[in-house]
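A quick write-up on the structure given underneath.
Both ligands and their constituent atoms are indexed starting at 1 by order of listing.
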Amino acid sequence: MSRREELAERLAAVEGRIAAACEAAGRSRDEVQLIVVTKFFPRSDVDLLAELGMRDLGENREQEAAAKLADGGPPSGVRTHFIGQLQSNKAGAVTRWADVVQSVDRPKLVGALARGAEAAGREVTALVQVDLDPAGGTGRGGAAPADVPALADAIASSPLRLGGLMAVAPLGADPEPAFARLAALAEALRADHPEASWISAGMSGDLEAAVRHGATHLRVGTAILGDRPSHR
Ligand SMILES: *Cc1c(COP(=O)(O)O)cnc(C)c1O
């Protein structure tokens, strides 16, 4: 089987899961956007996914993404999402290629991203990443829920566009209560910022739970591209 056929087959399987999850949740398939996470996989896969009709791609490491997307930019019509932990000294570099930065978790990043977006002359959407682990400080990034409103206000009053919220379910725990919390935080956010309608949640292992709790964007890697090398 060619890589193209393999990707097409896995995409169809994931699409089937999303459709079933939407149906079970009484939601329209149009309310949910699939972002294919291509980290650790080569540019050739990015091009194949674009050919297969994928319009949203995610990367989590600035240097890897820049190297992959630098040559002539991303495929045309593809929206690129940065989903990884971000150092503020890399923020400017990310805004040279990312259309969406999903991992804004502290005020310092807002200014750095806004300056980068302005310098690059690009419109960048920012999401607040929330830490959903009840114990907090999991090392997966994310602002404490209590810090979300102030961070959202900072983004909304900057040149960045406030998209909404992003989260990763806590490792090794039931994702349901975490995604329910995220949905409540998103609803509170929309009361202040009606335009901030995105809920980016759900990965290969928990996309059904995310759809059940209102996710508008799913970030799926392994289920489409296969296992990542565990060390690099
Ligand atoms: C890698 C990654 C994903 C995709 O995870 P899979 O389990 O491979 O689907 C989603 N979100 C973030 C933030 C990631 O780093």
Arg3 vs Leu225 side-chain heavy atoms within contact, under 4.5 Å =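 A side-chain contact exists here, since the closest heavy-atom pair is under 4.5 Å.
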query = Taking C-beta and beyond as the side chain, do Asp56 and His81 meet within less than 4.5 Å on heavy atoms?
reply =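 Yes. Closest side-chain heavy atoms under 4.5 Å.
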inquiry  = Counting only heavy atoms and a distance below 4.0 Å, can you name the residues contacting ligand 1?
reply    =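 For ligand 1, the contacting residues are Val37, Lys39, Asn60, Ile83, Val168, Met203, Ser204, Arg219, Val220, Gly221, Thr222, Arg228.
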Indicate whether the side chain of [X] and that of [Y] have a donor and an acceptor atom separated by less than 3.5 Å.
X	Y	answer
His213	Glu176	yes
Gln129	Ser103	no
Gln33	Thr216	no
Asp99	Thr80	yes

